[in-house]
Amino acid sequence: MKLPSFRTLFPAVTLCLSTTLLLTACEQQKTATRLPAKAAVLDIDRVVNYYDINHPVIGRKGMVVSQSEIASNIGAEILQRGGNAVDAAVAVGFALAVVLPRAGNLTGGGFMLVHLQELNKTIAIDYREMAPLAAVEHMFIDSKGDVDNDKALETLAAAGVPGTVAGFEYALENYGTMTLKQLIKPALEIAQQGFVVNDDMVRIVKKTQTLLQQNNETCRVFFKQGCQPYQTGELFKQPDLATTLQYLSEEGADGFYQGDIAKKIVLAMEQGQGLITIEDLRRYQVKELAPIKGHFNGYEILTMPPPSSGGVHLVQMLNMLEQLPIENIAQGSASMMHLQTEIFKRAYVDRSKHLGDPDFVDVPAKGIVSKTYAKKLSQHISHEKITPSSQIKPGEPSGYESPDTTHFSVIDKQGNIVSNTYTLNHYYGSGITIPGTGLLMNNTMDDFSAKVGSPNSYGLVGGKANAIVAQKRPLSSMTPTIVLKSGQPFLATGTPGGSKIITSVFQQLVNILWFDMNVSEATNAPRIHHQWQPDILYVEQNVAADSIALLQQMGYQIELSTSLGSLQTIMLKDGIYYGAADPRRPNAKAVAVN
Ligand code: GLY
């Protein structure tokens with residue numbers, strides 16, 4: 001069911017500014033202004049619909065969508081050469097480590113969902129960072145009992161044991177067809193030959209300059225002589241990273257976890273009060289997990305299980321939405337935003353108590369994603385009244401079982417899909433480069449709850465379930481997701497955004513699976529975010545002013561947010577692939593293979 005956006009109803013809808021009549025009056029307006037669907041005239045009209053305003057990129061034999069045009073082109077080239085989606089994804093992952101060094105990485109971690117079309121199977125690869133063996137619960141608490149944020153974010157102690165190289169090698173060995181050498185080569189060439197710096201990179205370096213310039217090696221590697229930042233249009237070469245990539249292409253993950261790279265990491269840790277030892281690196285393990293499954297409006301949702309909170313809460317939120325009478329509520333309307341916000345709060349409060357690494361704590365994932373639990377939670381959602389966050393407590397689900405990150409989605413001509421989100425945590429991670437490697441260390445230890453009840457750098461309040469323990473994986477919000485329709489691949493999506501990841505992916509799914517928007521329309525649609533604490537509704541600047549007025553009248557405390565997320569999405573329909581790169585980040589690109 002697709003209704004016109006709230007904005008197209010203006011000015012009629014301003015008549016329903018009364019909050020008590022919010023639903024009923026607006027409902028009538030929306031129903032009255034709904035337009036009949038236009039039938040396709042030509043066959044090609046089914047593919048390129050000129051009633052649409054936003055157009056996805058169209059492909060028939062493959063699609064790669066990432067936050068970098070260079071990386072997307074590399075992935076598409078691998079598909080052209082006969083590689084499958086996993087091959088292309090690994091090449092994109094290595095390429096992003098070169099061309100998007102603030103988030104793409106070899107020294108962070110992430111999650112990859114792989115749909116294997118021939119086997120009709122989807123698997124989840126967990127290559128999240130792990131706490132070093134020497135990590136202890138209160139390692140970021142200072143003498144006054146407060147969280148030492150500088151230590152938790154800007155030191156080598158902030159680094160978790162990296163998982164990316166092991167994760168990519170695992171994916172390739174188990175599900176790819178090409179060699180690591182073949183897939184590292186394009187990234188290696190760019191590191192050697194350089195790439196032209198763009199405005200986006202200049203902007204983010206400027207934003208993080210103080211942190212980056214604290215570290216001599218980061219100055220040497222990521223800045224010009226005298227620690228002067230690169231400017232737009234200049235060529236940025238990374239010879240140390242090229243040497244590292246060359247070495248990895250010959251030695252594989254063993255070279256990273258036990259060979260020369262491991263030795264360099266450990267030396268830096270010893271000289272810089274980091275905790276990672278050779279034993280930590282040797283013990284790092286990738287895990288293959290079963291995805292979290294859910295159902296919404298006839299679609300099957302496959303998404304990331306713990307230690308990401310993303311999948312569990314995505315399905316929980318979709319389940320709650322399904323319980324509410326939303327048939328006549330328009331996309332982008334104040335009513336829809338209100339209901340979504342109520343849903344967000346109930347999910348994030350559960351996150352604060354129940355979620356952590358399931359190897360260390362019992363996570364009631366099964367209970368949280370159950371329809372019965374969603375029914376119970378949604379009973380208390382009013383269409384007209386806000387439930388203040390202070391009145392929302394974690395539920396009791398039964399049945400135990402930077403902010404920057406980046407996401408890419410890939411599909412090949414067989415219909416195999418990769419949906420991958422990985423991260424250094426914040427922009428450029430800890431800002432500390434391991435001498436002689438060109439590699440920046442992550443600061444993902446901050447994703448743990450350094451102090452129970454204290455918000456982390458995303459404002460996320462965490463519980464004991466996410467306390468620091470040696471070898472535990474910090475809780476994440478990363479939500480790589482694949483959707484099936486009648487058992488066949490339909491959608492792949494995901495986004496960066498720290499705590500805002502789950503709500504961004506949720507809105508993307510609702511816009512496509514419920515409002516029937518095309519992927520570009522859905523991606524471009526304004527987004528909102530609420531995470532229970534603080535009790536603030538964040539809205540993007542293109543949310544309709546009259547919707548904001550309605551929400552304010554209801555009592556919402558609203559703050560204008562910078563853009564929320566950067567969704568890289570592929571949809572499949574009738575054998576055609578539709579790609580949409582999020583316009584919220586410059587240089588993101590969907591590249592088709594035809
Ligand atoms: N580092 C952000 C996350 O994993 O959610």
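Atoms considered below: every heavy atom in the structure, side chains included; atoms not considered: hydrogens, waters and symmetry mates. When a ligand or atom number is given, it counts from 1 through the structure's own listing order.
- By the side-chain hydrogen bond (donor to acceptor under 3.5 Å, both in side chains) test, H530 is found to be paired with D535, residues two or more places apart in sequence or in another chain being considered.
- Within the 4.0 Å heavy-atom shell around ligand 1 one does not find T444.
- Sorted by first and then second residue, the ring pair (Phe, Tyr, Trp, His ring centres under 6.0 Å) pairs with a member in residues 156-175 read F94-F168, Y127-F168, F168-Y422; sequence neighbours excluded.
- Looking only at side-chain heavy atoms (C-beta outward), T433 and L439 stay at 4.5 Å or farther from each other.
- Near S477, the atoms of ligand 1 lying under 4.0 angstrom from a non-hydrogen atom of the residue are 3 (C), 4 (O), 5 (O).
- Close contacts between ligand 1 and M478 involve ligand atoms 4 (O), 5 (O) [criterion: under 4.0 Å to a heavy atom].
- Aromatic rings from H407 and F111 are positioned such that their centres are separated by 6.0 Å or more.
- Among G429, G497, S476, the residue whose heavy atom lies nearest to atom 4 (O) of ligand 1 is S476.
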Test log, rule side chain to side chain contact (heavy atoms under 4.5 Å, CB included), inputs S457 and H426: CA-CA 9 Å; S457 57; H426 283 208; 2.8 Å; yes

Evaluation steps, side chain to side chain donor-acceptor pair (under 3.5 Å), between R102 and T406: CA-CA 9 Å; R102 67 183 196 234; T406 191; over 6 Å; no

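- At least one heavy atom of R128 sits closer than 4.0 Å to an atom of ligand 1.
- Closest heavy-atom approach to atom 2 (C) of ligand 1 within the set I501, D447, L475, T479: this belongs to D447.
- Each of the atoms 1 (N), 2 (C) of ligand 1 lies under 4.0 Å from some heavy atom of N425.
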